[in-house]
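I have a structure I would like to understand better, so I am pasting it below and will then ask my questions one at a time.
When reading the values below, keep in mind they use all heavy atoms of this one structure, side chains included, and skip hydrogens, waters and symmetry mates. For reference, positions follow the sequence shown, starting with 1.
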Amino acid sequence: MKSLKVLLLILTFAFANIVVAQSVYTTKTGEKYHKSSCKYLKYSKKEYTLKRALELGFSACSVCKPGKGKSTSNSLTNNKQTSTAKSTSAMQCIGKTKAGKRCKRKTKNTNQRCYQH
């Protein structure tokens with residue numbers, strides 16, 4: 001029974017060491033830490049261990065959810081597909097016609113206006 005407790009204690013420390021030694025990334029100006037494949041790391045990336053990032057006061061990104069048991073290298077292919085897929089659905093233009101009605105054209109622009117507005 002005592003050997004089982006010792007083995008359980010050793011496994012607990014080994015698992016905790018793996019999670020704490022996980023690499024996470026931050027941006028130059030951000031307050032969150034991310035996985036290496038997170039879409040928010042597009043322009044800047046600085047590597048820290050998870051323990052160091054927590055010591056510096058960073059909090060976890062709500063999009064990529066780093067530190068949830070998967071390592072950053074294993075989830076690279078899964079997140080790469082979701083982060084590169086952009087929303088391509090067209091929305092109705094928010095511009096007004098001369099008659100004062102809403103424009104009926106569709107647009108993919110981020111400002112939600114068609115080419116005439």
Side-chain angles (χ1 to χ4, degrees):
M1 187 68 174
K2 189 173 183 175
S3 63
L4 181 62
K5 287 181 182 179
V6 171
L7 179 63
L8 184 61
L9 184 65
I10 292 171
L11 289 176
T12 303
F13 282 121
F15 179 71
N17 219 4
I18 291 171
V19 172
V20 171
Q22 177 183 4
S23 292
V24 293
Y25 300 88
T26 62
T27 61
K28 291 179 184 176
T29 59
E31 298 174 355
K32 306 278 185 181
Y33 61 88
H34 309 269
K35 290 182 179 179
S36 63
S37 59
C38 186
K39 66 181 179 179
Y40 292 115
L41 294 174
K42 188 174 183 179
Y43 299 110
S44 66
K45 185 188 295 190
K46 187 170 182 180
E47 184 176 2
Y48 290 107
T49 62
L50 180 58
K51 182 179 178 183
R52 181 70 179 146
L54 291 172
E55 287 173 358
L56 293 173
F58 290 103
S59 57
C61 173
S62 60
V63 175
C64 64
K65 298 177 180 61
K68 293 290 184 184
K70 290 185 177 180
S71 69
T72 56
S73 60
N74 291 344
S75 61
L76 177 63
T77 55
N78 293 340
N79 280 344
K80 195 170 193 175
Q81 293 172 353
T82 58
S83 66
T84 57
K86 293 186 179 177
S87 176
T88 58
S89 62
M91 300 174 1
Q92 186 177 358
C93 176
I94 61 170
K96 300 284 185 186
T97 62
K98 286 183 180 179
K101 295 182 180 179
R102 188 170 175 187
C103 179
K104 293 185 179 182
R105 289 187 179 85
K106 299 284 185 176
T107 183
K108 293 181 184 178
N109 289 336
T110 56
N111 64 3
Q112 297 179 352
R113 295 185 178 270
C114 69
Y115 66 95
Q116 286 189 333
H117 296 112

Query raised in the report: Quick one: are Thr27 and Tyr43 in side-chain contact, heavy atoms under 4.5 Å?
Result: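 Not touching, per the 4.5 Å side-chain cut-off.
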
Query raised in the report: Of the non-hydrogen atoms in Ser23 and Glu47, which two are nearest, and what is the gap between them?
Result: OG-OE2, 2.8 Å

**Report entry** Pairs where residues 53-63 contributes a residue and the test salt bridge (charged side-chain N to carboxylate O under 4.0 Å, His left out) is met, not counting sequence neighbours
**Finding:** Arg52-Glu55

Query - Identified side-chain contact (heavy atoms from CB on, under 4.5 Å) counterpart of Met91 within the set Gln112, Lys106, Lys108 - result: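 Among Gln112, Lys106, Lys108, the one meeting side-chain contact (heavy atoms from CB on, under 4.5 Å) with Met91 is Gln112.
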
Query raised in the report: Quick check: does any side chain N or O of Gln92 sit under 3.5 Å from a backbone N or O of Cys103, one acting as donor and the other as acceptor?
Result: yes

Query raised in the report: Hydrophobic cluster mates of Ile94, side-chain heavy atoms under 4.5 angstrom, ILVMFWY only, any path?
Result: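 Answer for Ile94: none, a lone residue.
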
Requested in this report: Identify the two heavy atoms, one from Gly30 and one from Phe58, that lie closest to each other, and give their separation to 0.1 Å.
Outcome: O-CE2, 3.4 Å

Report summary line: Closest heavy-atom pair, Ala53 versus Val24, reported as atoms and distance to 0.1 Å, is CB-CG2, 3.7 Å

Report task. State yes or no: do Tyr33 and Val63 share one hydrophobic cluster built from I, L, V, M, F, W and Y residues joined by side-chain heavy-atom distances below 4.5 Å, directly or via other members? Result ->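 No; Val63 is not reachable from Tyr33 via cluster members.
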
**Report entry** Contacts of type side chain to side chain contact (heavy atoms under 4.5 Å, CB included), residue Glu31, not counting sequence neighbours
**Finding:**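 Side chain to side chain contact (heavy atoms under 4.5 Å, CB included) check on Glu31 returns nothing, list empty.
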
Query raised in the report: Between Lys39, Lys35, Lys32, which is the residue that forms a side-chain contact (heavy atoms from CB on, under 4.5 Å) with Cys64?
Result: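 When Lys39, Lys35, Lys32 are each tested with Cys64, the side-chain contact (heavy atoms from CB on, under 4.5 Å) holds only for Lys35.
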
Requested in this report: Evaluate whether atom NZ of Lys46 has more than 12 neighbouring non-hydrogen atoms of other residues, nucleotides or ligands under 6.0 angstrom away.
Outcome: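 Not buried by this count: 12 neighbours or fewer within 6.0 Å.
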
**Report entry** Residues Tyr115, Asn109; criterion side-chain contact (heavy atoms from CB on, under 4.5 Å); working and verdict
**Finding:** CA-CA 9 Å; Tyr115 66 95; Asn109 289 336; over 6 Å; no

Report summary line: OG1 of Thr26 to NE2 of His34, rounded to nearest 0.5 Å, is 7.5 Å

